[in-house]
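These notes are about the structure you will find just below.
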Amino acid sequence: TRIFAVSRDTAESIAGSYRLSSRSITVIENPVDPVFFAPRTKDEDASPTILCVGRLEPRKGTDVLVRAFALLRARMPVVRLTLIGADLMGASLQRLLDDLHLRPFVRLLGHIPQQQRIARMQSATVIAVPSLLEGFGLIAAAAMAMGKPVVASSSLGLRSILRHEETGLLVAPR
């Protein structure tokens, strides 16, 4: 009799796909852990760093981010990219990094404990969320809670929580 969704976008998608009244869907957004509101730390000597947290896979836009990073490095050679999350792309990601000559400028940290992830988020210059589809976008919400700039794709789930040029920058998916 009742459906729960993690974002307005997800609710609208469910309503449209199943021809349901939006009144039968309740949106309950994911909470953000208060630890994300802790004081930030910044290494003043570090290079500007773009951080992306999430599984490394095409659905999460990892390949899109790496290609965009290559374009950015042409204009801003000091920038670095750090990717945190399980690598589901394997050899194809390594080939992409090699083809674009990015291996020395990209850190692949894999899955790391929450406290380390929070510390990395706090010290990053910007958080990128290039996902092609998200239910909610918890990393974007956590980054905003930290006061970090967020650049995200304007895909389902992310456009529910970010307002372009107000709470982050939204770019076309892909």
Side-chain angles (χ1 to χ4, degrees), residues 29-89 93-94 96-134 136-155 157-174:
E29 294 179 340
N30 288 322
V32 174
D33 191 323
V35 73
F36 289 106
F37 294 95
R40 297 191 307 251
T41 59
K42 175 117 175 88
D43 181 356
E44 297 300 329
D45 297 326
S47 296
T49 302
I50 299 167
L51 177 68
C52 181
V53 179
R55 291 182 311 278
L56 308 184
E57 64 173 312
R59 178 180 165 260
K60 291 288 191 176
T62 305
D63 54 331
V64 174
L65 176 60
V66 168
R67 286 184 178 88
F69 177 68
L71 296 173
L72 179 61
R73 274 204 47 83
R75 292 184 179 167
M76 197 176 165
V78 298
V79 72
R80 301 288 185 258
L81 175 63
T82 299
L83 302 173
I84 296 175
D87 183 358
L88 303 182
M89 294 176 69
L93 178 57
Q94 297 302 321
L96 181 60
L97 292 173
D98 287 339
D99 290 349
L100 297 172
H101 309 287
L102 293 175
R103 198 180 286 258
F105 313 107
V106 178
R107 283 189 221 123
L108 302 171
L109 299 183
H111 179 76
I112 62 175
Q114 181 180 11
Q115 284 307 113
Q116 290 178 25
R117 189 174 67 243
I118 291 168
R120 292 284 181 166
M121 289 178 73
Q122 289 173 331
S123 66
T125 308
V126 65
I127 307 296
V129 188
S131 299
L132 305 179
L133 175 68
E134 283 290 341
F136 174 71
L138 190 55
I139 293 300
M144 289 188 300
M146 291 179 174
K148 288 294 175 181
V150 178
V151 177
S153 62
S154 61
S155 59
L158 292 168
R159 63 181 178 233
S160 291
I161 60 171
L162 287 161
R163 283 194 272 314
H164 183 60
E165 295 183 346
E166 285 182 45
T167 60
L169 294 178
L170 289 170
V171 297
R174 298 190 195 281

Set out, in order, the CA-CA distance, both residues' side-chain angles and the distance that settles side-chain contact (heavy atoms from CB on, under 4.5 Å) for Cys52 and Leu65, then state yes or no. CA-CA 9 Å; Cys52 181; Leu65 176 60; 3.5 Å; yes

Using side-chain contact (heavy atoms from CB on, under 4.5 Å), reason through Met89 and Gln94 one step at a time and then give a plain yes or no. CA-CA 8 Å; Met89 294 176 69; Gln94 297 302 321; over 6 Å; no

Using atom types as modelled and distance alone, determine if a side-chain donor or acceptor of Lys60 lies under 3.5 Å from a backbone N or O of Leu132. no

So does Ser131 get a backbone contact from the side chain of Ser153, meaning a donor-acceptor N/O pair under 3.5 Å? yes

By the definition side chain to side chain contact (heavy atoms under 4.5 Å, CB included), identify the one residue from Ile139, Leu108, Leu56, Leu51 that meets it with Ile84. Leu51

Does any part of the side chain of Lys148, heavy atoms only, come nearer than 4.5 Å to the side chain of Val126, both counted from C-beta? no

Does Ser123 use its side chain to pair, donor to acceptor, with the backbone of Met121 at less than 3.5 Å? no

Side-chain heavy atoms of Glu165 within contact of Leu169, under 4.5 Å: yes

Which heavy atom of Ser154 sits nearest to which heavy atom of Arg159, and what is that distance? O-NH1, 3.4 Å

Whether His164 side chain and Leu170 backbone form a donor-acceptor pair below 3.5 Å: yes

Does Arg73 reach the main-chain N or O of Val79 with its side chain, forming a donor-acceptor pair under 3.5 Å? yes

side-chain contact (heavy atoms from CB on, under 4.5 Å) between Leu109 and Leu83, intermediate numbers included: CA-CA 6 Å; Leu109 299 183; Leu83 302 173; over 6 Å; no

Close side-chain approach of Ile50 and Phe69, heavy atoms under 4.5 Å: yes

Whether over 12 other heavy atoms sit under 6.0 Å from Arg174 CZ: no

Less than 4.5 Å apart, any side-chain heavy atom of Glu134 and any of Arg59? no

For Thr49, does its backbone N or O pair with a side-chain atom of Thr125 as donor and acceptor, under 3.5 Å? yes

Assess whether side-chain contact (heavy atoms from CB on, under 4.5 Å) is satisfied between Leu162 and Val150, documenting all intermediate values. CA-CA 9 Å; Leu162 287 161; Val150 178; 4.0 Å; yes

So, taking the atom named CZ in Arg117 and the one named CD in Gln115, what distance separates them when rounded to the nearest 0.5 Å? 9.0 Å

Heavy-atom side-chain proximity of Val66 to Leu97 below 4.5 angstrom: yes

Short question: side chain of Arg163, backbone of Thr167 - any donor-acceptor pair under 3.5 Å? no

Could you check if a side-chain atom of Leu158 sits within less than 4.5 angstrom of a side-chain atom of Val129, using non-hydrogen atoms only? yes

Less than 4.5 Å apart, any side-chain heavy atom of Pro130 and any of Thr62? no

If I compare all heavy atoms of Ile161 with all of Gly137, which pair ends up nearest, and what's the gap? CD1-O, 3.2 Å

Minimum side-chain heavy-atom gap Glu57-Asp63 below 4.5 Å: no

